[in-house]
Protein chains: 2
Amino acid sequence: MQITREADYAIRCVLHLSRCKEGSATVGDIAEAQSIPRTFAAKILQKLSKAKIVKSVRGIKGGFRLARDPARISILDVIEAIQGPLNVNICVLDRQSCERQPTCMVHPIWVEIQILLKERLAYYTFDKFNDKKGSL
Amino acid sequence: MQITREADYAIRCVLHLSRCKEGSATVGDIAEAQSIPRTFAAKILQKLSKAKIVKSVRGIKGGFRLARDPARISILDVIEAIQGPLNVNICVLDRQSCERQPTCMVHPIWVEIQILLKERLAYYTFDKFNDKKGSL
DNA sequence: CCTTTTAGGAGTAATTTTATCCTATTTTAA
DNA sequence: TTAAAATAGGATAAAATTACTCCTAAAAGG
């Protein structure tokens, strides 16, 4: 019931990019600023790049920047880019594992809780993390 | 972000006990009815017993029964008996891991989501799982 | 063409998950 | 009193996942 450290790191990467003045940063910058092992941060940024959350620029003046407006990137987007589709119990995504019992009484609860969780995680977009004290 | 199979099994064990006519059942009965590996079910029931969710009776006419009314046992109780205190991100329980940054912008969100999740899981008690179609 | 940077594949160590096995100990009934 | 049936608890092990590292390639700028 816990997000992975990798997902947590990914959120910090996106947060860093959404807040840095220059609009872009290198793996080294991000890793150091956010206390993420450098090579691990590189892998994470690759995943974010494949998920179209981040854009990469190669070469000597390269680095990473957000692929779209922070208001259009949610915590859920980032988590799912790293971990794959969120599901709170094996039976929610893999329906098979629940069907040997004709009616599993608990199944609807997992579905409900998953929806609740995803809605909330999708609500928090990266424009909501500003310096303004008390905004959260 | 997923409950473990062990916790899922545990919920099924409690569900079984809350619904069986005799009010008690052996590990063998529960394991077979709920498709849980027998020795694993035994371990799970031991944990539930230590958490005072279930009571054990040794000896030839022994088995397990609920330690209290199903209305006073929630899904959250069972999950926490198996997995320990629920926390959605490492920083929520272990505050240290977040404090190197003076103000982590994301932390309050994890706290909020954790409360939301726990409230919902605590809402669902085992008296709510009856045969009545449409009750859920 | 040299340096800085990302891309991608492979590999690895540590931890957690998902169990199993074996030896008590308790209880009941013959 | 003894055998059978049940839980208790410790140790162990296989598999999967997590949390990384390493190495070589490719791109871009000066």
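A note on names: the letters A, B, ... follow the listed sequences, proteins ahead of strands, and every chain is numbered from 1.
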Peer 1: Give the rounded distance in Å between these two atoms: CZ of B/Phe64 and P of D/dA6.
Peer 2: 12 Å

Peer 1: Does any non-hydrogen side-chain atom of A/Ile3 lie less than 4.5 Å from one of B/Ile90?
Peer 2: no

Peer 1: Are B/Gln2 and A/Asn87 close enough, and set up right, to give a side chain to side chain donor-acceptor pair (under 3.5 Å), and what steps lead you there?
Peer 2: CA-CA 6 Å; B/Gln2 195 171 122; A/Asn87 69 321; 3.0 Å; yes

Peer 1: Counting the atoms with a prime plus P, OP1 and OP2 as sugar-phosphate, which does A/Gly63 contact under 4.0 Å by heavy atoms, base, sugar-phosphate, or nothing?
Peer 2: sugar-phosphate

Peer 1: Charged N to carboxylate O under 4.0 angstrom, A/Lys43 versus A/Glu6?
Peer 2: no

Peer 1: Just the rounded figure in Å: distance from C1' of C/dA7 to CG of A/Leu48.
Peer 2: 14 Å

Peer 1: Give a yes or no answer on whether the side chain of B/Arg68 reaches the backbone of B/Lys52 with a donor-acceptor pair at less than 3.5 Å.
Peer 2: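 Looks like yes, one N/O pair under 3.5 Å.
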
Peer 1: Taking the side chain as every heavy atom from C-beta outward, state whether B/Ser18 and B/Phe129 have any atom pair closer than 4.5 Å.
Peer 2: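 B/Ser18 vs B/Phe129: side chains apart.
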
Peer 1: Can you tell whether the side chains of A/Glu32 and A/Arg38 come within less than 4.0 Å, N to carboxylate O?
Peer 2: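 No.
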
Peer 1: Give a yes/no answer on whether the side chain of A/Ser56 brings an N or O atom under 4.0 Å of OP1 or OP2 in C/dT5.
Peer 2: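 No, A/Ser56 has no side-chain N/O under 4.0 Å of OP1/OP2 on C/dT5.
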
Peer 1: Would you mind telling me which of D/dC20, C/dT18, C/dG8 lies closest to the side-chain atoms of A/Tyr9?
Peer 2: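 In terms of side-chain proximity for A/Tyr9, the closest of D/dC20, C/dT18, C/dG8 is D/dC20.
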
Peer 1: Report each atom pair, protein N/O against N/O of nucleotides 26-30 of chain C, whose distance is under 3.5 angstrom.
Peer 2:
residue	atom	partner	partner atom	Å
C/dT26	O4'	B/Arg58	NH1	2.9
C/dT26	O2	B/Gly59	N	3.3
C/dT27	O2	B/Ile60	N	3.2

Peer 1: Figure out the NZ/P separation between A/Lys55 and D/dA28, and round it to whole Å.
Peer 2: 14 Å

Peer 1: Whether A/Glu112 and B/Arg120 form a salt bridge (side-chain N of Lys/Arg under 4.0 Å from carboxylate O of Asp/Glu) is what I want to check.
Peer 2: yes

Peer 1: A cation-pi test, strictly: NZ or CZ of A/Lys128 under 6.0 Å from the centre of the six-membered ring of A/Tyr123 and no more than 45 degrees from its axis. Yes or no?
Peer 2: yes

Peer 1: Measure from CZ on B/Arg65 to C1' on D/dA6 and round the result to the nearest Å.
Peer 2: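 Taking CZ of B/Arg65 and C1' of D/dA6, I get 16 Å after rounding.
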
Peer 1: Hey, does the side chain of A/Asp8 reach the backbone of A/Arg5 with a donor-acceptor pair shorter than 3.5 angstrom?
Peer 2: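 Side chain of A/Asp8 to backbone of A/Arg5, a donor-acceptor pair under 3.5 Å: no, none is there.
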
Peer 1: Take the protein atom CD of A/Glu6 and the nucleotide atom P of D/dA16, then report the distance between them rounded to whole Å.
Peer 2: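 Atom CD in A/Glu6 sits about 19 Å away from atom P in D/dA16.
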
Peer 1: Between C1' on C/dT18 and CD1 on A/Ile90, what's the gap in Å once rounded to a whole number?
Peer 2: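 Roughly 12 Å, once rounded to whole Å.
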
Peer 1: When you measure from the side chain of B/Gln46, which nucleotide among D/dT7, D/dA8, D/dC20 comes out closest?
Peer 2: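 Nearest to the side-chain atoms of B/Gln46, counting from C-beta on, is D/dA8.
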
Peer 1: Pairs under 3.5 angstrom, nitrogen or oxygen only, protein versus nucleotides 21-23 of chain D, please.
Peer 2:
residue	atom	partner	partner atom	Å
D/dT21	OP2	A/Thr39	OG1	2.7

Peer 1: Starting from P on C/dT4, measure out to CG on A/Asp29 and report it in whole angstrom.
Peer 2: 14 Å

Peer 1: Where each residue is assigned the nucleotide of DNA chain D containing its nearest heavy atom, which of B/Val27 and A/Ala7 is assigned the position nearer the 5′ end?
Peer 2: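 Mapping each residue to its closest nucleotide by heavy atoms, the 5'-most match is B/Val27.
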
Peer 1: Looking for any heavy atom pair under 4.0 Å, which part of the strands does A/Lys50 touch: base, sugar-phosphate only, or nothing?
Peer 2: sugar-phosphate

Peer 1: Measure from CD1 on B/Ile44 to P on C/dT20 and round the result to the nearest Å.
Peer 2: 11 Å

